[in-house]
S.K.: 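One structure coming up, written as structure tokens, with questions to follow.
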Amino acid sequence: GAGVSQTPSNKVTEKGKYVELRCDPISGHTALYWYRQSLGQGPEFLIYFQGTGAADDSGLPNDRFFAVRPEGSVSTLKIQRTERGDSAVYLCASRNQEQFFGPGTRLTVL
Amino acid sequence: QKEVEQDPGPLSVPEGAIVSLNCTYSNSAFQYFMWYRQYSRKGPELLMYTYSSGNKEDGRFTAQVDKSSKYISLFIRDSQPSDSATYLCAMSRDQGAQKLVFGQGTRLTINP
């Protein structure tokens with residue numbers, strides 16, 4: 001079947017704007033993760049969902065970031081009042097036994 | 001100090017060479033160890049998955065874990081130009097829900 005998909009692949013926005021990033025996990029995977037990867041760095045954990053609920057949101061950097069997964073499948077990462085420092089690749093992963101990653105959304109805040 | 005340290009390279013070797021990639025970590029609670037390969041502008045792809053200490057071999061790839069030294073390695077034999085990518089080590093405290101903690105990644109180039 002299809003892997004993890006993420007949309008959009010690229011997003012350019014202006015400082016202060018609101019953005020939404022979408023993740024479609026592998027069908028049947030109940031666990032879903034968001035990571036952020038800055039240039040030249042490894043991915044850093046943001047939030048983990050088990051089903052519809054956020055089981056661990058300890059990686060969210062501040063209250064401008066939040067994520068939802070209302071039906072236990074698709075998830076949306078939402079960033080309010082974007083800042084230039086939010087520019088990064090946002091990766092989504094879903095898990096059966098191991099975590100499988102999507103291609104990421106490259107966010108650029110001008 | 002980061003929980004997981006990985007030399008970012010870059011590392012450049014000739015085709016056919018044996019490549020050794022390494023990570024050290026500080027959290028003794030880590031029990032699951034992974035190596036991911038990431039091509040440019042792609043998501044990480046799982047290569048190897050190891051529980052606790054020991055070796056695991058899969059084709060040209062061998063993963064080693066030494067928990068007493070908090071040191072993990074990935075060896076690539078008979079390296080190919082298609083192996084050129086960034087290699088990320090990752091680890092977690094349990095197999096279940098836990099987040100992965102990644103190293104910085106090592107950028108590897110195999111020269112034909």
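Chain letters run A, B, ... following the sequence lines, proteins first, then strands; residues in each count from 1. This is a predicted model, so every value here is computed, not measured.
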S.K.: Could you check which of B:Glu45, B:Gln38, B:Gln104 has the highest count of heavy-atom pairs closer than 4.5 Å to chain A?
M.R.: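 That would be B:Gln104.
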S.K.: Please classify the contact of B:Gln6 with chain A as side chain, backbone, both or neither, using a heavy-atom distance under 4.5 Å.
M.R.: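 Neither part; nothing is under 4.5 Å.
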S.K.: Does a sphere of radius 6.0 Å around CZ in B:Arg60 hold more than 12 heavy atoms from other residues, nucleotides or ligands, not counting ones at 6.0 Å or beyond?
M.R.: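 Counting neighbours around CZ of B:Arg60, more than 12 heavy atoms of other residues, nucleotides or ligands fall under 6.0 Å, so yes.
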S.K.: When clusters are formed by joining ILVMFWY residues with side-chain heavy atoms under 4.5 Å apart, either directly or through shared neighbours, do A:Val74 and A:Trp34 land in the same one?
M.R.: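 No: no chain of side-chain contacts under 4.5 Å links A:Val74 to A:Trp34.
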S.K.: Under a 4.5 Å heavy-atom cutoff, which of A:Gly40, A:Pro43, A:Ala31, A:Pro103 has the most pairs with chain B?
M.R.: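 Option with the greatest count: A:Pro43.
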S.K.: Could you state whether B:Leu46 and A:Phe45 fall into the same hydrophobic cluster, counting links through intermediate Ile, Leu, Val, Met, Phe, Trp or Tyr residues with side-chain heavy atoms under 4.5 angstrom apart?
M.R.: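 Yes; tracing contacts between hydrophobic side chains, which count when under 4.5 Å, links both residues.
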S.K.: Within this structure, what is the CG-CD distance for the pair B:Leu88 and A:Gln37, rounded to the nearest 0.5 Å?
M.R.: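 The distance works out to 6.5 Å.
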S.K.: Can you tell if the side chain of B:Leu100 reaches within under 4.5 Å of the side chain of A:Tyr35, non-hydrogen atoms only?
M.R.: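 Yes, side chains in contact.
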S.K.: Sort A:Ser9 into side chain, backbone, both or neither according to what part of it lies under 4.5 angstrom from a heavy atom of chain B.
M.R.: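 The answer is neither part of A:Ser9.
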S.K.: Under a 4.5 Å side-chain heavy-atom rule over Ile, Leu, Val, Met, Phe, Trp and Tyr, are A:Leu91 and A:Leu32 clustered together?
M.R.: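 Unlinked, A:Leu91 and A:Leu32 end up in two clusters.
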S.K.: First locate atom CD of A:Glu44, then atom NZ of B:Lys99, and finally report the distance between them rounded to the nearest 0.5 Å.
M.R.: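 Taking CD in A:Glu44 and NZ in B:Lys99, the distance rounds to 10.0 Å.
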S.K.: Is it the side chain or the backbone of B:Arg107 that comes within 4.5 Å of chain A heavy atoms, both, or neither?
M.R.: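 Nothing of B:Arg107, per the 4.5 Å heavy-atom cut-off to chain A.
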S.K.: What about B:Leu11 and B:Leu47, same hydrophobic cluster or not, with Ile/Leu/Val/Met/Phe/Trp/Tyr joined at side-chain heavy-atom distances under 4.5 Å?
M.R.: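 The answer is yes; both residues are in one hydrophobic cluster.
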S.K.: What part of A:Gln6 is in contact with chain B, defined as an atom under 4.5 angstrom from a non-hydrogen atom: side chain, backbone, both or neither?
M.R.: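 It is neither, since no heavy atom gets under 4.5 Å.
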S.K.: Under a 4.5 Å heavy-atom cut-off, does chain B meet the side chain of A:Phe100, its backbone, both or neither?
M.R.: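 No part of it gets close to chain B.
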S.K.: Between CD of A:Glu98 and OH of B:Tyr36, what distance do you get to the nearest 0.5 Å?
M.R.: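 Here the interatomic distance stands at 7.5 Å.
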S.K.: Taking atom CG as the centre, does A:Leu39 end up with more than 12 heavy-atom neighbours from other residues, nucleotides or ligands that are less than 6.0 angstrom away?
M.R.: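 Count not over threshold, so no.
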S.K.: Select, from B:Pro8, B:Gly43, B:Ser92, B:Pro44, the one with the greatest count of heavy-atom pairs under 4.5 Å involving chain A.
M.R.: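 If we count pairs closer than 4.5 Å to chain A, B:Pro44 comes out on top.
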S.K.: Per the disulfide (SG to SG under 2.5 Å) rule, what does the pair list look like for residues 33-107 of chain A, sequence neighbours excluded?
M.R.: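 Residue pairs passing disulfide (SG to SG under 2.5 Å), neighbours aside: A:Cys23-A:Cys92.
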S.K.: If you group Ile, Leu, Val, Met, Phe, Trp and Tyr by side-chain heavy-atom gaps below 4.5 Å, do B:Tyr87 and B:Met34 land in one group?
M.R.: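 B:Tyr87 does not cluster with B:Met34.
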